[in-house]
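Values reported hereafter were calculated over all heavy atoms of this structure, with side chains retained and with hydrogens, waters and symmetry mates removed.
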Amino acid sequence: MSEEDLASEIPDFVKKYVPGITRGLSWAKYSKEKAKGTEMKVDAYNESKKAGYQKATEVSMANADNVFEEIKAELWAEAQKLTTIAKEVASRVNSQETKEEREKILHLAKAAARNAGLQGAIAAGWEKGWNEGISNKS
């Protein structure tokens, strides 16, 4: 049941005299979205960790440092690029003239930040898996 469904079931006079009720619904929606985002990042981290571990076990020890630095730099550069995009989008929120435009840009900023966080989880997971793979190899 969405926030709108719950809000429509609450009589108007209750909304008028108990303003916190709609804030509570907004908080519940935020918490649900936050948990979903965290779950996605954990899954991405774990998958990337497996990929990093696998790559570490396949690479020769002579090339290990070069391969690690190259892949790590690519992954973190992508995370940094997505973070910059998220910051740029977020900086435009308050310059919008209408509430609808602000909400649209805010939604885009949230999506951009989610993508940046997801890429950060991928980079961190890969790095952790690589380190575990190399330590088990030695």
Side-chain angles (χ1 to χ4, degrees):
M1 188 176 274
S2 72
E3 178 182 341
E4 291 80 25
D5 294 338
L6 289 173
S8 68
E9 292 180 9
I10 300 169
D12 289 335
F13 73 91
V14 172
K15 292 180 199 174
K16 180 179 178 183
Y17 294 107
V18 187
I21 201 147
T22 53
R23 285 193 304 268
L25 293 173
S26 295
W27 182 253
K29 181 181 175 187
Y30 167 77
S31 296
K32 186 176 180 180
E33 289 175 359
K34 180 84 169 141
K36 183 180 174 185
T38 300
E39 184 179 327
M40 286 176 22
K41 289 176 194 155
V42 167
D43 291 344
Y45 176 89
N46 289 332
E47 282 185 39
S48 186
K49 184 176 173 183
K50 288 176 190 173
Y53 185 91
Q54 182 67 32
K55 185 70 175 176
T57 59
E58 294 171 354
V59 73
S60 70
M61 289 304 284
N63 293 333
D65 287 339
N66 291 338
V67 170
F68 173 71
E69 290 300 326
E70 182 179 320
I71 294 174
K72 180 180 92 167
E74 287 175 16
L75 292 171
W76 284 112
E78 182 66 18
Q80 184 60 45
K81 180 179 111 182
L82 292 171
T83 300
T84 302
I85 291 169
K87 287 178 182 179
E88 289 171 2
V89 173
S91 71
R92 298 189 328 229
V93 171
N94 290 330
S95 65
Q96 303 306 306
E97 292 186 14
T98 66
K99 180 180 178 182
E100 291 79 23
E101 290 172 341
R102 282 190 299 276
E103 287 178 357
K104 182 180 176 184
I105 297 296
L106 183 59
H107 180 69
L108 292 173
K110 285 179 183 179
R114 189 177 307 115
N115 289 339
L118 195 57
Q119 182 61 35
I122 290 168
W126 188 89
E127 198 171 332
K128 178 73 171 174
W130 173 274
N131 289 334
E132 288 178 6
I134 291 295
S135 68
N136 287 343
K137 196 172 182 178
S138 321

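- Under the 4.5 Å side-chain heavy-atom criterion for grouping Ile, Leu, Val, Met, Phe, Trp and Tyr, Ile134 is connected to Trp126 within one hydrophobic cluster.
- Taking each heavy atom of Val67 and Lys55 in turn, the nearest pair found is CG1-CE, 4.0 Å.
- Using a 4.5 Å heavy-atom cutoff, the side chains of Lys104 and Gln96 are not in contact.
- For the pair Lys49/Tyr45, a side-chain contact is recorded, criterion being any heavy-atom separation below 4.5 Å from C-beta on.
- Of all heavy-atom pairs spanning Glu58 and Gln54, the tightest one is OE2-NE2, 2.8 Å.
- A distance of 12.0 Å separates CZ in Arg92 from CG in Leu106, rounded to the nearest 0.5 Å.
- Note that CZ of Arg114 and OG1 of Thr38 are 10.5 Å apart. Values are rounded to the nearest 0.5 Å.
- The two atoms that bring Trp76 and Glu127 nearest to each other are NE1-OE1, 2.9 Å, heavy atoms only.
- Few gaps surround CG on Asp43; more than 12 heavy atoms of other groups in view lie less than 6.0 Å from it.
- Looking at Glu103 and Thr98, their side chains never come closer than 4.5 Å, going by heavy atoms from C-beta outward.
- Criterion: ILVMFWY side-chain heavy atoms under 4.5 Å apart, direct or through other members. Under it, Ile122 and Trp130 are part of a common hydrophobic cluster.
- Atom CG of residue Asn115 and atom NZ of residue Lys81 lie 11.0 Å apart, to the nearest 0.5 angstrom.
- By the salt bridge (charged side-chain N to carboxylate O under 4.0 Å, His left out) test, Lys36 pairs with no residue at all, sequence neighbours left out.
- Looking at heavy atoms from C-beta onward, Glu74 lies in side-chain contact with Glu70 at the 4.5 angstrom threshold.
- In this structure, the separation between NZ on Lys50 and CD on Glu132 is 12.5 Å, given to the nearest 0.5 Å.
- In the hydrophobic cluster analysis, where Ile, Leu, Val, Met, Phe, Trp and Tyr join through side-chain heavy atoms closer than 4.5 angstrom, Tyr53 is grouped apart from Met61.
- No more than 12 heavy atoms of other residues, nucleotides or ligands shown are found within 6.0 angstrom of CD on Glu97.
- The line from CD of Glu100 to CD1 of Ile105 is 13.0 Å long, rounded to the nearest 0.5 Å.
- Taking every heavy atom of both residues into account, Gln119 and Leu82 meet most closely at CB-CD1, 3.7 Å.
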